[in-house]
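Structure first, then comments.
Remember, it's a predicted structure, so these values are computed and weren't measured experimentally. Scope of the values below: all heavy atoms of this structure, side chains included, with no hydrogens, waters or symmetry mates.
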Amino acid sequence: MYSEKPKICHLTTVHPPFDTRIFHKEAKSLAKAGYLVTLIAKHDKEETIDGVKIIPLKTPPNRIVRMTKTLLECYRKAVKVDADLYHFHDPELIIVGWLLKRRGKKVIYDVHEDVPKDIINKYWIWKPVRILVAKITGFIEKSISLKLDGTVTATSSISQNFKSVSEKLIVINNYALMNELYQENKIKHEGKFNGHFVVYVGSITVERGAKEMVEAMGLLPQDCKVKLLLGGNFAPPLLKETLERIQGWRRVEYMGWLDRFQVADVLGKARAGMVLFHPAPNHINAQPNKMFEYMSAGLPVIASHFPLWKEIVEGNRCGLTINPLSPQEIADAIRYIFDNPKEVEEMGQRGREAVDKKYNWLKEEKKLLAFYELILNT
């Protein structure tokens, strides 16, 4: 159908340009396969990195501007690209996807989260109307998805929302990139590690356990040398001030936002990675990228005791699952990690083996490329 590889355009008004799923996995995989790939995202300049051309959007000062002027800017730039297939990543871009479809373009919606469930926990939406907003959003999401060419979801549970409305539906799991974050010299002889650290990297929010992690650090014995390496941005920004008032903050080293090389360096210093999301509706069946990244780096995982997460962590014997709302359980898990270096080393090795066999991006990449071929040739 095409004499050369088609032009592909990824769109996001919410995520940063070097988002792990969008840029490092999907866009780079497509570029490697020979597609002409453009990414429209918030950025400070136009540039091409790893075969992906980035077209910048102005960073909006607030959500209202983002969901009005930025959407219009994104649509205009998308039309100018004149791609053969558009792949958008945010629910607010669904109107842009619909408009591009009306222009005769092929369009894919990539659903990262269960959006209606996620809205119920949005602190910036007035609480009495959240359920109504969630229902309306779910209806719009499904209605427009009917008119698009395909739907990609990040988990099997999210895909259940679209089985009745999307003929072309695929799950592309957010599994880890093999060997990207692993450092051979992380573990020294006799099970001793480079540093006395546990780590959390990602969006720092109340719902993702920020408060409980910091409180847990304050429950460790006075003579304990363990510190929490914290990387990412605070949402909302004022959360940092709240956390700084907690006693455990004295054991926290905040490193700000980290690029992929910095993430690898930080994981190489740690003994365990923490992913302690609260039991919110959109979290229980999620598959957070950071869990698989910790495993790929050879780190044991301290995770929330959700059934799916227990199946991954305990089923592969690569960490501990606990009540994420209990700072004491978190502190006890941290102490267990540091009191059992040999077992911890074995946990890390088993996690890495599980990623090698099951939870790696290479398998998902093949699914993504096959899905593109299906969409582009029908």
Starting from the C-alpha separation in whole Å, work towards a yes-or-no answer on side chain to side chain contact (heavy atoms under 4.5 Å, CB included) for N360 and D356.
CA-CA 6 Å; N360 64 79; D356 187 39; 5.5 Å; no

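- Rounded to the nearest 0.5 angstrom, L267 CG and L181 CG are separated by 5.5 Å.
- Residues forming a side-chain hydrogen bond (donor to acceptor under 3.5 Å, both in side chains) with S159 (at least two apart in sequence, or on another chain): none.
- Considering only heavy atoms from C-beta on, P300 comes within 4.5 Å of I337 through its side chain.
- Residue I131 places its CD1 atom among 12 or fewer non-hydrogen atoms of other residues, nucleotides or ligands, all under 6.0 Å distant.
- A distance-only check finds a donor-acceptor pair linking the side chain of K7 to the backbone of V81 [under 3.5 Å].
- Cluster annotation: M178 is connected to V301 through the hydrophobic network of ILVMFWY side chains, with a link wherever side-chain heavy atoms come within less than 4.5 Å.
- Contact detail for L71 and I95: the closest heavy-atom pair is CD1-CG2, 4.3 Å.
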Can you check salt bridge (charged side-chain N to carboxylate O under 4.0 Å, His left out) on K58 and E73, steps first, answer last?
CA-CA 8 Å; K58 296 175 184 176; E73 180 190 4; 5.7 Å; no

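- A donor-acceptor pair is defined here as one N or O able to donate and one able to accept, closer than 3.5 Å; such a pair exists between the side chain of Q262 and the backbone of D259.
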Mind running side chain to side chain contact (heavy atoms under 4.5 Å, CB included) on E212 and L325 for me, showing each step along the way?
CA-CA 6 Å; E212 288 80 10; L325 303 178; 4.3 Å; yes

Please tabulate, for side-chain N and O atoms in residues 215-236, each donor-acceptor pair with protein atoms closer than 3.5 Å (sequence neighbours left out).
from, atom 1, to, atom 2, distance (Å)
E215, OE2, K211, NZ, 2.7

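- By the neighbour-count criterion of 12 heavy atoms within 6.0 Å, atom CZ of R76 is sparsely surrounded, having that number or fewer from other residues, nucleotides or ligands.
- For the pair V206/H278, a side-chain contact is recorded, criterion being any heavy-atom separation below 4.5 Å from C-beta on.
- Of all non-hydrogen atoms in A83 and Y86, the two that sit nearest each other are N-OH, 2.9 Å.
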Go through the steps to decide whether V266 and K269 satisfy the test side chain to side chain contact (heavy atoms under 4.5 Å, CB included), and finish with yes or no.
CA-CA 5 Å; V266 167; K269 295 176 181 177; 5.6 Å; no

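- Annotation: ring pair (Phe, Tyr, Trp, His ring centres under 6.0 Å) contacts of F23 (sequence neighbours excluded): F18.
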Working for side chain to side chain contact (heavy atoms under 4.5 Å, CB included), residues E244 and K240
CA-CA 6 Å; E244 287 173 337; K240 185 173 186 288; 2.4 Å; yes

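- For the pair I330 and I322, the minimum side-chain heavy-atom distance is below 4.5 Å.
- With hydrogens and angles ignored, the 3.5 Å screen pairs a side-chain donor or acceptor of K77 with a backbone N or O of P56.
- Shortest non-hydrogen contact noted between I375 and D149 is CD1-O, 3.1 Å.
- Considering only residues two or more places apart in sequence or on other chains, H15 meets the ring pair (Phe, Tyr, Trp, His ring centres under 6.0 Å) condition with H112.
- Side-chain contact annotation: E141 with Y109, donor-acceptor N/O pair under 3.5 Å present.
- The two residues L148 and G97 make their nearest non-hydrogen contact at CD2-O, 4.0 Å.
- Side-chain contact check for Y372 versus L85: some heavy-atom pair is nearer than 4.5 Å.
- Remark: F277 engages H283, W309 in a ring pair (Phe, Tyr, Trp, His ring centres under 6.0 Å) (not counting sequence neighbours).
- Classification of R317 and E346 as a salt-bridged pair fails, no side-chain N sitting under 4.0 Å from a carboxylate O.
- Salt-bridge formation is not detected for the pair E293/K290: no Lys NZ or Arg NE/NH1/NH2 atom is positioned less than 4.0 Å from an Asp or Glu carboxylate oxygen.
- Under the 3.5 Å distance criterion, with hydrogens and angles disregarded, a donor-acceptor pair is assigned to the side chains of N316 and Y359.
- Side chain to side chain, T205 and S203 fail the donor-acceptor criterion of an N or O pair below 3.5 Å.
- Within 6.0 Å of CD1 in I64 there are 12 or fewer heavy atoms belonging to other residues, nucleotides or ligands.
- Figure legend: cation-pi geometry between K5 and Y35, with NZ or CZ positioned under 6.0 Å from the six-membered ring centre and within 45° of its axis.
- Around the NZ atom of K367, the shell of radius 6.0 Å holds more than 12 heavy atoms that belong to other residues, nucleotides or ligands.
- Defined by atom type and a distance below 3.5 Å, a donor-acceptor pair is present between the side-chain atoms of D118 and N282.
- Using a 4.5 Å heavy-atom threshold, the side chains of V111 and V152 count as separate.
- When only modelled atom types and interatomic distance are considered, R352 and N179 share a side-chain donor-acceptor pair under 3.5 Å.
- Judged purely by atom type and a 3.5 angstrom limit, E46 has no side-chain atom pairing as donor or acceptor with the backbone of I55.
- A donor-acceptor pair shorter than 3.5 Å cannot be found between the side chains of H305 and E329.
- Contact check for Y200 versus R208: side-chain heavy atoms found under the 4.5 Å cut-off.
- With hydrogens and angles ignored, the 3.5 Å screen pairs no side-chain donor or acceptor of K25 with any backbone N or O of E364.
- For T68 (side chain) and V65 (main-chain N/O), a donor-acceptor pair under 3.5 Å exists by modelled atom type.
- The backbone N or O of T155 lies less than 3.5 Å from a partner atom in the side chain of T153, making a donor-acceptor pair.
- Taking the side chain as every heavy atom from C-beta outward, V79 and L99 never approach each other to under 4.5 Å.
- Within the 3.5 Å criterion, the main-chain N or O of P6 finds no donor-acceptor partner in the side chain of D84.
- Clustering ILVMFWY residues whenever any of their side-chain heavy atoms sit less than 4.5 angstrom apart, transitively, puts V14 in a cluster other than the one holding I54.
- The number of heavy atoms from other shown groups lying within 6.0 Å of CZ (R130) is above 12.
- Atom NZ of K363 has more than 12 heavy atoms from other residues, nucleotides or ligands within 6.0 Å.
- Within a 6.0 Å sphere centred on NZ of K168, other residues, nucleotides and ligands contribute more than 12 heavy atoms.
- For the residue pair K117/N285, the side-chain donor-acceptor check at 3.5 Å is not satisfied.
- Nearest approach of T137 to V115, heavy atoms of both residues: CG2-CG1, 3.7 Å.
- The closest side-chain donor-acceptor pair between E92 and T13 falls under 3.5 angstrom.
- Counting only distance, with no hydrogens or angles, the side chain of D19 and the backbone of R21 share a donor-acceptor pair below 3.5 Å.
- Taking the ring pair (Phe, Tyr, Trp, His ring centres under 6.0 Å) definition, one finds that H24 meets it with nothing, sequence neighbours left out.
- One distance of note links CG of N174 with CH2 of W361; it measures 7.5 Å at 0.5 Å rounding.
- A pairwise comparison of heavy atoms in M347 and Y336 identifies CE-CE2, 4.3 Å as the closest pair.
- The structure places OG of S304 at 8.5 Å from CG of N323, a figure rounded to the nearest 0.5 Å.
- Checking S29 against E365 by side-chain atom types alone, a donor-acceptor pair falls below 3.5 Å.
- Checked by atom type, the side-chain pair T59/R66 shows no donor-acceptor distance below 3.5 Å.
- Between L39 and K53, the closest side-chain pair of non-hydrogen atoms is not below 4.5 Å.
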